[in-house]
Amino acid sequence: MTYSPTRNSRHIPQRSCTVCKVKGDKKKLIRIVRHPNGGAVIDSAGKLPGRGTYICPDDECISRAKKSGMLAHVLGTEIQEDFWNELEDYAKNHEVDSDMKIRSTLGLSRKSGALVIGTDKIADNKRKLLVMTARDCSESVNEFASRYENIKLNMTIEELSETIGLRGGVQIVALPLSSGFAKKILNTKTERGTAI
């Protein structure tokens with residue numbers, strides 16, 4: 001028997017956000033290309049030639065990219081203020097799914113040192129936490145998470161591990177409830193209305 005690809009098995013190209021490093025479908029990220037005359041342009045069709053990079057259409061990623069100068073460094077060009085205004089406007093109209101928002105928020109919280117990983121570190125933490133588990137976590141981890149305000153994420157252990165940049169089986173993570181990251185995740189949960 002030979003394998004014949006079907007319409008449902010098409011490969012979806014993945015790219016990583018320059019800021020939060022989270023991988024996502026290429027079409028869900030914004031491609032930015034260095035203009036031949038200097039500066040940067042948004043590549044809405046994804047076809048422009050030249051040095052390019054991707055960024056989440058998330059306001060937090062855009063803000064961090066602007067403050068850090070990360071895009072200018074990656075593209076090897078100076079970026080003008082009017083580009084940032086254009087990017088913010090474009091991102092507002094760019095469809096962002098809740099999974100991408102969650103992944104981006106988790107990636108940024110890990111980079112900032114706010115993310116608490118694993119049951120031991122969560123148990124030792126004295127702050128009120130928002131605990132998040134992978135959808136395929138063990139029963140013992142589910143039981144542990146039930147002691148806290150908790151959310152079941154719409155990602156597997158493998159996907160959660162990749163999102164936060166760790167190898168291995170990360171089943172559970174947490175954020176201080178008072179953090180902006182936790183508030184953003186809870187807002188995303190409210191927008192979606194179901195488990196995230």
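Atom CD of E139 has 12 or fewer neighbouring heavy atoms from other residues, nucleotides or ligands inside a 6.0 Å radius. For NZ of K23, the number of neighbouring non-hydrogen atoms (other residues, nucleotides, ligands) closer than 6.0 Å is 12 at most. The environment of Q14 atom CD is dense: over 12 non-hydrogen atoms of other residues, nucleotides or ligands sit within 6.0 angstrom. More than 12 heavy-atom neighbours from other residues, nucleotides or ligands sit within 6.0 angstrom of CD on E88.
The side-chain heavy atoms of L160 and L106, taken from C-beta on, include a pair separated by under 4.5 Å. No side-chain heavy atom of L87 sits under 4.5 Å from any side-chain heavy atom of K66. Contact check for V41 versus F83: no side-chain heavy atoms found under the 4.5 Å cut-off.
Pairs engaging residues 35-51 under the side chain to side chain donor-acceptor pair (under 3.5 Å) rule: R31-D43 [sequence neighbours left out].
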- So C20 and C56, side chain to side chain contact (heavy atoms under 4.5 Å, CB included) or not? Walk me through it. CA-CA 8 Å; C20 68; C56 293; 3.6 Å; yes
- Applying side chain to side chain contact (heavy atoms under 4.5 Å, CB included), run through L186 and I151 and close with a yes or a no. CA-CA 9 Å; L186 288 170; I151 295 172; 3.8 Å; yes
- Pair M132-L175, side chain to side chain contact (heavy atoms under 4.5 Å, CB included): steps then yes or no: CA-CA 8 Å; M132 295 157 281; L175 286 166; 3.9 Å; yes
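Between the side chain of T77 and the main chain of G39, a donor-acceptor pair closer than 3.5 Å is present. Using a distance-only test at 3.5 Å, with no hydrogens or angles considered, no donor-acceptor pair links the side chain of S104 to the main chain of K101. Side chain of K26 to main chain of Y54: no donor-acceptor pair is present (N/O by atom type, distance under 3.5 Å, no hydrogens or angles). D136 contributes a side-chain N or O that, together with a main-chain N or O of I157, makes up a donor-acceptor pair within less than 3.5 Å.
Residue L108 forms a side-chain contact (heavy atoms from CB on, under 4.5 Å) with just one option from V22, V19, L115, and that option is V19.
Following chains of ILVMFWY side-chain contacts shorter than 4.5 Å, one cannot reach V33 starting from I79, and the two form parts of different hydrophobic clusters. Clustering ILVMFWY residues whenever any of their side-chain heavy atoms sit less than 4.5 angstrom apart, transitively, puts L153 in a cluster other than the one holding F144. Put simply, L130 and V141 are part of two different groups of oily side chains (I, L, V, M, F, W, Y) that touch within less than 4.5 Å, one to the next. Cluster membership check: L166 shares its hydrophobic cluster with I102, using side-chain heavy-atom separations under 4.5 Å among Ile, Leu, Val, Met, Phe, Trp and Tyr. Under a hydrophobic-cluster definition in which Ile, Leu, Val, Met, Phe, Trp and Tyr are linked whenever side-chain heavy atoms come within less than 4.5 Å, directly or via other members, I185 and I164 are assigned to the same cluster.
Heavy-atom minimum distance, N150 versus A145: ND2-O, 3.0 Å. Of all the heavy atoms in A134 and V170, the pair that sits closest is CB-O, 4.5 Å. The two atoms that bring C61 and I55 nearest to each other are O-CD1, 3.8 Å, heavy atoms only. Residues T156 and E159 share a closest heavy-atom pair of N-OE1, 2.8 Å. Among all heavy-atom pairs drawn from P57 and K28, the shortest one is CD-O, 3.4 Å. Residues C137 and K152 come closest through the heavy atom pair SG-NZ, 3.7 Å.
Note that CD1 of I117 and CD of Q171 are 13.5 Å apart. Values are rounded to the nearest 0.5 Å. A distance of 10.5 Å separates OG in S161 from CE in M155, rounded to the nearest 0.5 Å. Atom-to-atom distance recorded for S140:OG and I172:CD1 is 9.5 Å, nearest 0.5 angstrom. With rounding to the nearest 0.5 angstrom, the CG atom of L29 is 9.0 Å from the OG1 atom of T18. Here L71 contributes atom CG and R34 contributes atom CZ; the two are 13.0 Å apart, rounded to the nearest 0.5 Å. Annotation: the span from I32 atom CD1 to L48 atom CG amounts to 12.0 Å, rounded to 0.5 Å.
Between K184 and D59 there is a salt bridge, since a side-chain N of the basic residue sits under 4.0 Å from a carboxylate O of the acidic one. A salt bridge between R64 and E60 is present, with a side-chain N of the basic residue lying under 4.0 Å from a carboxylate O of the acidic one.
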